[in-house]
S.K.: 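Submitted below is the structure of interest, expressed as structure tokens.
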Amino acid sequence: MNQATLQSASRKTSLDGLRQRIDNRLIRPQILSRNEFSNLSTVDRILYDDQRLQWFSNGLIVKTPALRRLTTTGLSLLRMHDPNTVGERGIVLTGPPHIGKTTALIRLAADVESWIGKWQPDFRECGHAPVAYIEMEPKASPKSIASSILHFFGIPHNFKSATQHQLTDQALDALRRRRTQILIIDELQMLKLDGKTGDDAINSLKTIMNDSGAICVFAGVDLLEGLSSRPAEQIMARCQVTQMRPFVGSDDTSRGHWAALVNSLGQAMQLLDADPDHLAPFADVLLTMTGGIIGDLRSVLSLAMAGAIADREDTGTEVITQEHLVGVGQIGVA
């Protein structure tokens, strides 16, 4: 584990915290044969084990169709973006918990900063923040939207005494001054979206969408139902919808896609004694354990991989067995 890993991370709902996650791109370890690994010192073996686990658990990007659609749509809207136009388009990203929405949003933020950096390499030094990221907390109110934007930029404000209009004006000013082009609002399901409070929340979102000069990305659990009210129709009419769904094994095509995903993850583990398709026999078991949810699949496989590495000295081989998967299931990850 390196020193950067030991440093405390800020929340991703602050500018520093978001950029820590954007900049923390783990490098895939070199693939070593069993003989090459055996020739390493004890310390280097431990380091190599940790690098593989870190890469697989935190560095590997699973490029699903939904992730590609989100990043492609986001960058396309950005290229067509005119901050002086009222009523810019937006994105709705929805799906069940642990499906990978937040990971996809961080990837979108990284791609946007990379794109901005190609034609303005010094944008950070100039104080620009092309992407802002906020999350709605439980029992969030309409005022929470603007307050979260101010928190992201570290701008002091009095939540209790300020009116919603005052906070919104401050938030809009901050987004314009920092030249924010993508505003990500995650965990939107935490915001009450029905009744009078819901109407106020929708109107606040529309004001920010209209006047901030930024493309808004609304993300959360099962948002299509929450944004089905008449006040929300104007937002939905201007948004591209990306739905992230679990894999299902209802037909040969979907089972084939799942098996291909499992095999690709198996190869990414870089286990010393495993064949390229060593996880193929466990594809159906993994589908049952995880319900087809990618976040759960990665959690199960990460722990199984750690178990295979830990058992290497006792078994003489480094490969995932059914016992490793059964052990993870008993822990209750999936």
Side-chain angles (χ1 to χ4, degrees), residues 12-13 18-19 21-22 25 60-120 123 128-136 145 149 152 175 179-189 191 193 202 205-206 208-228 232-247 257 261 293-295:
K12 60 182 176 293
T13 50
L18 178 63
R19 285 183 170 165
R21 286 157 178 79
I22 289 174
R25 294 196 177 187
L60 175 65
I61 300 295
V62 182
K63 295 182 179 179
T64 63
L67 174 59
R68 292 190 185 96
R69 176 177 169 80
L70 174 68
T71 55
T72 299
T73 301
L75 290 174
S76 297
L77 291 177
L78 191 60
R79 290 187 173 99
M80 298 182 288
H81 180 54
D82 180 359
N84 297 314
T85 300
V86 175
E88 283 287 354
R89 299 190 66 82
I91 298 172
V92 170
L93 177 67
T94 184
H98 213 203
I99 198 69
K101 295 185 297 296
T102 299
T103 300
L105 293 169
I106 298 299
R107 181 67 183 190
L108 172 62
D111 286 355
V112 168
E113 283 218 346
S114 177
W115 182 77
I116 295 291
K118 290 178 181 178
W119 56 272
Q120 189 184 1
F123 70 88
H128 300 169
V131 184
Y133 182 104
I134 65 172
E135 283 182 345
M136 294 294 95
I145 303 168
I149 294 171
F152 177 83
L175 291 167
R179 300 192 183 183
T180 301
Q181 299 190 50
I182 297 283
L183 170 62
I184 297 171
I185 306 176
D186 200 3
E187 304 293 353
L188 193 63
Q189 78 279 357
L191 190 65
L193 294 173
I202 293 296
L205 292 173
K206 286 194 293 186
I208 291 171
M209 197 174 185
N210 286 336
D211 299 338
S212 66
I215 297 167
C216 291
V217 181
F218 306 108
V221 175
D222 300 331
L223 287 185
L224 297 187
E225 181 178 350
L227 293 173
S228 61
E233 286 180 354
Q234 290 183 31
I235 290 179
M236 291 300 298
R238 287 156 44 190
C239 287
Q240 301 288 323
V241 177
T242 294
Q243 296 190 61
M244 302 185 76
R245 301 184 179 94
F247 280 81
H257 289 159
L261 172 63
I293 294 178
I294 293 176

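The structure presented is a predicted model; accordingly, all values stated were derived computationally and were not measured.
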S.K.: Looking only at atom types and distance, does a side-chain atom of Thr180 sit under 3.5 Å from a main-chain N or O of Pro130, one as donor and one as acceptor?
M.R.: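 Checked: no pair found.
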
S.K.: So, does Arg107 use its side chain to make a donor-acceptor pair with the main chain of Ile22 at under 3.5 Å?
M.R.: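 No, because the side chain of Arg107 does not come within donor-acceptor range (under 3.5 Å) of the backbone of Ile22.
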
S.K.: What is the distance from atom CD of Gln240 to atom OG1 of Thr242, rounded to the nearest 0.5 Å?
M.R.: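 Here the interatomic distance stands at 8.0 Å.
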
S.K.: If we ignore hydrogens and angles and just use 3.5 Å, is the side chain of Lys101 paired with the main-chain N or O of Pro96 as donor and acceptor?
M.R.: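 Flag set: sc Lys101 to bb Pro96 pair under 3.5 Å.
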
S.K.: Of all heavy-atom pairs between Arg25 and Ala110, which one has the smallest distance, and what is that distance?
M.R.: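 Taking every non-hydrogen atom into account, NH2-CB, 3.0 Å.
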
S.K.: Thr94 side chain to Leu223 main-chain N or O, any donor-acceptor pair under 3.5 Å?
M.R.: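 Answer holds: yes.
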
S.K.: Under the side chain to side chain contact (heavy atoms under 4.5 Å, CB included) test against Val217, which residue among Leu183, Leu108, Ile185, Leu188 passes?
M.R.: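 So the option named by the test is Leu108.
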
S.K.: Can you establish whether the number of heavy atoms outside Arg179 located under 6.0 Å from its atom CZ is more than 12?
M.R.: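 Counting neighbours around CZ of Arg179, 12 or fewer heavy atoms of other residues, nucleotides or ligands fall under 6.0 Å, so no.
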
S.K.: What closest approach, in Å, do Phe152 and Tyr133 show between heavy atoms, and which atom pair accounts for it?
M.R.: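 Scanning both residues, the minimum pair turns out to be CD1-O, 3.1 Å.
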
S.K.: Quick one, Leu18 and Ile106 - any side-chain contact, counting heavy atoms below 4.5 Å?
M.R.: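 Yes, at least one pair of side-chain atoms sits under 4.5 Å.
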
S.K.: Any chance you could measure Lys12, atom NZ, to Ile184, atom CD1, to the nearest 0.5 Å?
M.R.: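 Lys12 atom NZ to Ile184 atom CD1 measures 11.0 Å (nearest 0.5 Å).
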
S.K.: Can you pull out every salt bridge (charged side-chain N to carboxylate O under 4.0 Å, His left out) where at least one residue sits in residues 70-81? Sequence neighbours excluded, please.
M.R.: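 Listed by first then second residue: nothing to list.
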
S.K.: According to side-chain hydrogen bond (donor to acceptor under 3.5 Å, both in side chains), who are the partners of Thr102, at least two apart in sequence or on a separate chain?
M.R.: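 Per chain and number, Thr102 pairs via side-chain hydrogen bond (donor to acceptor under 3.5 Å, both in side chains) with Asp186.
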
S.K.: So, does Gln189 use its side chain to make a donor-acceptor pair with the main chain of Val221 at under 3.5 Å?
M.R.: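 Yes, the answer is positive, given that a donor and an acceptor are paired below the 3.5 Å cut-off.
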
S.K.: Between Val62 and Leu67, is any pair of side-chain heavy atoms under 4.5 Å apart?
M.R.: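 Not touching, per the 4.5 Å side-chain cut-off.
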
S.K.: Passes side-chain contact (heavy atoms from CB on, under 4.5 Å), Leu78 versus Gln181? Steps please.
M.R.: CA-CA 7 Å; Leu78 191 60; Gln181 299 190 50; 3.2 Å; yes

S.K.: Within a reach of under 6.0 Å around NE2 of His257, are more than 12 heavy atoms found that belong to other residues, nucleotides or ligands?
M.R.: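 Incorrect, the count does not exceed 12.
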
S.K.: If I take atom CD1 from residue Ile208 and atom CD1 from residue Ile149, how far apart are they, to the nearest 0.5 angstrom?
M.R.: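 If I round to the nearest 0.5 Å, the distance is 4.0 Å.
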
S.K.: Measure across Leu77 and Gly90 and return the closest heavy-atom pair with its distance rounded to 0.1 Å.
M.R.: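 Nearest heavy atoms, Leu77 then Gly90: CD1-O, 3.9 Å.
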
S.K.: Over all heavy atoms of both residues, which pair between Leu224 and Met236 is shortest? Give the atoms and the distance, please.
M.R.: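 Nearest heavy atoms, Leu224 then Met236: CD2-CE, 3.8 Å.
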
S.K.: I need the Phe247 CZ to Ile99 CD1 distance, nearest 0.5 Å.
M.R.: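 Nearest 0.5 Å value for the CZ-CD1 distance: 8.5 Å.
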
S.K.: Out of curiosity, Phe218 CZ to Leu205 CG, how far, rounded to the nearest 0.5 Å?
M.R.: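 Spacing of CZ (Phe218) from CG (Leu205) equals 5.0 Å.
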
S.K.: Please report the shortest heavy-atom distance between Met209 and Cys239, naming the atom on each side.
M.R.: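 Reported closest heavy-atom pair: CE-SG, 3.8 Å.
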
S.K.: Of all the heavy-atom pairs spanning Ala66 and Gln243, show the shortest one and how long it is.
M.R.: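 Closest approach of Ala66 to Gln243, heavy atoms only: CB-O, 4.1 Å.
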
S.K.: Roughly how far, to the nearest 0.5 Å, is CD of Gln120 from CD of Glu113?
M.R.: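 Answer rounded to 0.5 Å: 11.0 Å.
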
S.K.: When you look at Leu261 and Thr64, which way does the side-chain contact (heavy atoms from CB on, under 4.5 Å) test go after all the steps?
M.R.: CA-CA 9 Å; Leu261 172 63; Thr64 63; 5.7 Å; no

S.K.: Tell me whether Arg68 contacts the main-chain N or O of Lys63 through its side chain, where contact means a donor paired with an acceptor under 3.5 Å.
M.R.: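 Yes; at least one donor-acceptor contact below 3.5 Å.
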
